[in-house]
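Notes to accompany the following structure.
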Amino acid sequence: MTGGATHPSADLNPLDVRAYAAQGFDLRRQGKLTEAVSLLQQGIARFPEDAALACEYAWTLSDMGDGAAAAGEWRVIRQRFPTTLDGYLGGGLQGRRAEAYDTADAIYRSGLARFPDEPALHVDYAWSAEERGDQAEAVRRWSAVRERFPDLAEGHLRLSVALLATQRIDEAEAALAGALERFPDHQEALIEYAWIAQIRGLWPEALTRWERVITRFPELSLPRRCGATVLLELGRYAEAASVLAPAARMLPDDPDVLAVSGWIATRSGDFKRAEAVWQIFRERHPERADGFRGGALTLRDQGRWDDAEAALEEAARRFPDEPSVAMDWAELAERRQDWPLAVARWRDVLGRFPGLSGAHHGLGRALMGAKDFIAAEAMFTAGRQRFPDDEDMAAAEAEAAAKAHNWPRAIALWLMFRERFPGLARGAVALARTLRDSGELEASVTQARAALQSFPDHLDLEVELAFTLSAMRDWPAALALWESLKAKHPHHDGLRSNITFILGQAMADQAIRGGAPFEIPRALLESANVDDVPAEDQVALLKRFESLGDSCEFGMVQRLYQVEQMTLLRWAFTTPENLIAALKTRFDGVGDPEYTEIDVIGDEYRTRDRRYFMQSHTFTSPTAEPLEFFAPEQCRRLQWLKRKLLDSLTTATRVFVYSGQGGLTQGQITALHDAMLPYSPKAKLLCMRVKEPGHPPGTVERLRAGLWIGYLEKFSTVDIAVANWLTVCQTVTEQMES
Amino acid sequence: MSDDIHAALTAIFAKVFRRQDLVLTRELTAAEVPGWDSFRYVSLIMATEERFGIKFSDEDIDGLKNVGDLMDAVARKREA
């Protein structure tokens with residue numbers, strides 16, 4: 001210890017050892033560290049045996065950042081005053097600051113041997129593991145703290161943080177829930193508890209929890225920001241803005257608050273406001289990428305892709321080290337379906353940020369888009385090896401193998417997935433699907449049934465089993481399972497959609513086979529709003545109509561009445577503009593292999609016309625027909641169906657139906673009819689709209705000779721307004737005949 | 001039943017359904033042929049049209065209930 005020039009204050013009693021310690025402490029607290037050191041050195045010279053003075057001196061050296069000197073002092077203190085707690089606390093802290101965690105832990109352990117019931121030592125010992133990054137050890141030490149000192153909120157809170165860091169999210173949440181029972185108003189615990197729900201994507205629950213924090217601490221900005229972000233995810237934009245408003249008033253220049261405000265405007269489609277917010281952001285915080293990203297994505301969401309490109313290019317130039325900008329730019333190429341560009345950009349992102357799992361995912365997705373399934377799989381394999389806990393990566397790898405129709409590999413990967421993530425039903429679900437797609441129907445059924453033992457009543461698993469039984473045309477078993485699923489999940493839209501689809505297949509089988517070798521359960525028919533025995537006049541009525549798209553809704557209505565027309569557009573999605581273009585060129589190129597894309601979606605081949613962008617169901621499973629047989633035959637079928645459509649347009653005996661789910665203007669309706677008239681002056685078109693004031697559901701408006709608008713309660717391929725359709729078709733027929 | 005129509009349809013069915021063991025009788029219906037769905041039905045009609053150089057109308061197709069109906073429709077079209 002060296003002497004100093006500082007004089008103690010005039011009122012300090014040089015004989016009072018506590019006065020040195022107290023004044024040294026005050027000086028340290030005021031940040032006058034040099035003065036504190038000088039004073040304390042004088043005190044120590046006078047009272048060399050006083051432990052409190054020695055400790056105050058060591059704390060001051062520590063605060064000055066003189067780690068080596070502080071560590072030396074703490075060592076001396078532990079030797080000279082082994083029963084002084086600070087020697088262990090200070091020495092341990094000094095070790096942690098120097099990242100000498102082994103030394104720190106050794107000091108804490110010797111302290112704990114002497115002071116086994118001292119909470120501060122236990123707490124610091126746990127901090128040491130946490131700061132070292134040994135989260136498993138941190139979990140053990142924080143667990144011990146919580147157990148020994150249950151009234152210490154820190155033990156509960158830090159345990160949950162350590163559990164989160166080890167991905168033990170359920171336990172982290174339970175620890176926090178326990179903490180909140182004991183400390184219901186603990187700010188950090190409340191925030192962590194809400195944050196867990198948010199990172200799990202449990203948006204309604206996260207919202208409830210953030211509301212609790214906001215109610216308890218209305219002055220805090222962070223809960224409002226997070227609450228607004230959750231509302232944003234839920235699509236409740238007005239409420240998000242309302243929750244954020246007080247934070248925006250309190251901290252109008254806070255970049256985090258401003259960013260949430262910008263995202264609310266962008267995501268809600270309030271593009272004018274979004275552009276204004278992002279402009280302000282860029283002016284006030286030009287050092288942050290958010291303003292440039294937000295501005296660019298606002299342009300992107302308006303469909304101004306060239307402008308978005310330019311904005312992201314500028315952002316990438318300004319923020320070359322910002323991964324989110326590089327990812328946005330690569331993702332824009334993906335949205336534009338410019339696959340070579342997307343691959344190049346994602347490759348660049350991955351080269352610069354190899355530690356980002358999103359970059360592996362992005363490049364894999366772009367390669368999938370480019371239909372380079374083998375390269376995509378290799379990418380996902382590399383990603384899986386680097387991020388072994390990323391279940392999405394492992395799943396993408398298996399899906400890429402399936403896309404490449406490398407069935408043995410896909411099955412092996414799903415088996416590996418199931419082994420790696422045994423608690424996830426996703427692996428068993430996908431394995432059942434992949435076995436079915438590969439043609440291993442029996443194995444798929446066996447596997448699904450076995451997996452249901454581990455995941456009883458798992459909806460997706462039962463759906464896969466039902467699909468496989470349907471693919472086997474084991475209709476009695478399949479329909480019974482679909483019926484039981486409908487009973488268990490009566491309001492599940494996705495399930496209803498699947499049932500309607502399957503019902504279509506089953507009814508088509510019945511219609512084509514000319515009999516009823518199996519019963520379709522009444523409950524399933526009710527879900528499709530149709531009677532099981534259609535009246536003959538309804539069948540005859542619906543045969544007089546033919547669908548032109550834009551969805552498969554009218555095709556489903558016909559199928560529900562066992563009207564199985566062989567027509568091109570019955571199962572097609574078409575836009576009015578593309579349909580008009582196709583009519584004007586007499587559907588030139590439809591069915592040419594050059595213009596026909598075939599993809600597998602779910603358990604079905606779908607076709608897409610590259611010129612007119614018509615997308616169509618085929619109701620054909622890859623298990624029933626390998627692609628190498630299906631593709632050429634489907635092109636021939638499309639060409640034949642095109643000829644049939646041209647014949648039908650020319651003879652003009654049928655009324656063509658266009659559903660117009662996207663909403664049709666009168667201009668589009670007349671333009672569509674105009675495009676049909678060159679085929680025949682007798683061309684008849686019925687376009688559909690959702691009910692309007694003055695046009696209740698089931699009514700018909702005649703625009704001109706051969707052109708009608710029909711009104712429905714709603715458009716839906718799941719819950720079809722069958723009665724409206726029948727009434728509209730009946731009215732049009734009567735008007736034609738009158 | 002005309003023998004040449006029967007022989008030609010047997011070959012068409014074998015190709016469309018990839019089944020060499022199908023025995024075509026007049027009474028045979030879709031219910032008895034695995035894989036006879038609406039898309040295979042299109043392939044069947046297409047192949048029949050191509051083989052016999054005929055074109056079926058929508059009404060012709062609507063009236064087909066079994067193989068016998070198809071044979072009769074082919075015969076009628078050839079005579080027309």
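Proteins come first, then strands; the chains are lettered A, B, ... in the order of their sequence lines, and each starts at number 1.
- When side chains are defined from C-beta on, M46(B) does not count as touching M566(A), because their heavy atoms never get closer than 4.5 Å.
- Applying a 4.5 Å heavy-atom cutoff, the residues of residues 644-652 of chain A that approach chain B are K644(A), D647(A).
- In this structure, the portion of E50(B) lying under 4.5 Å from any heavy atom of chain A is its side chain and not its backbone.
- Between chain B and the residues R643(A), Q565(A), K543(A), the largest count of heavy-atom pairs under 4.5 Å involves K543(A).
- Partners of F545(A) by ring pair (Phe, Tyr, Trp, His ring centres under 6.0 Å), not counting sequence neighbours: none found.
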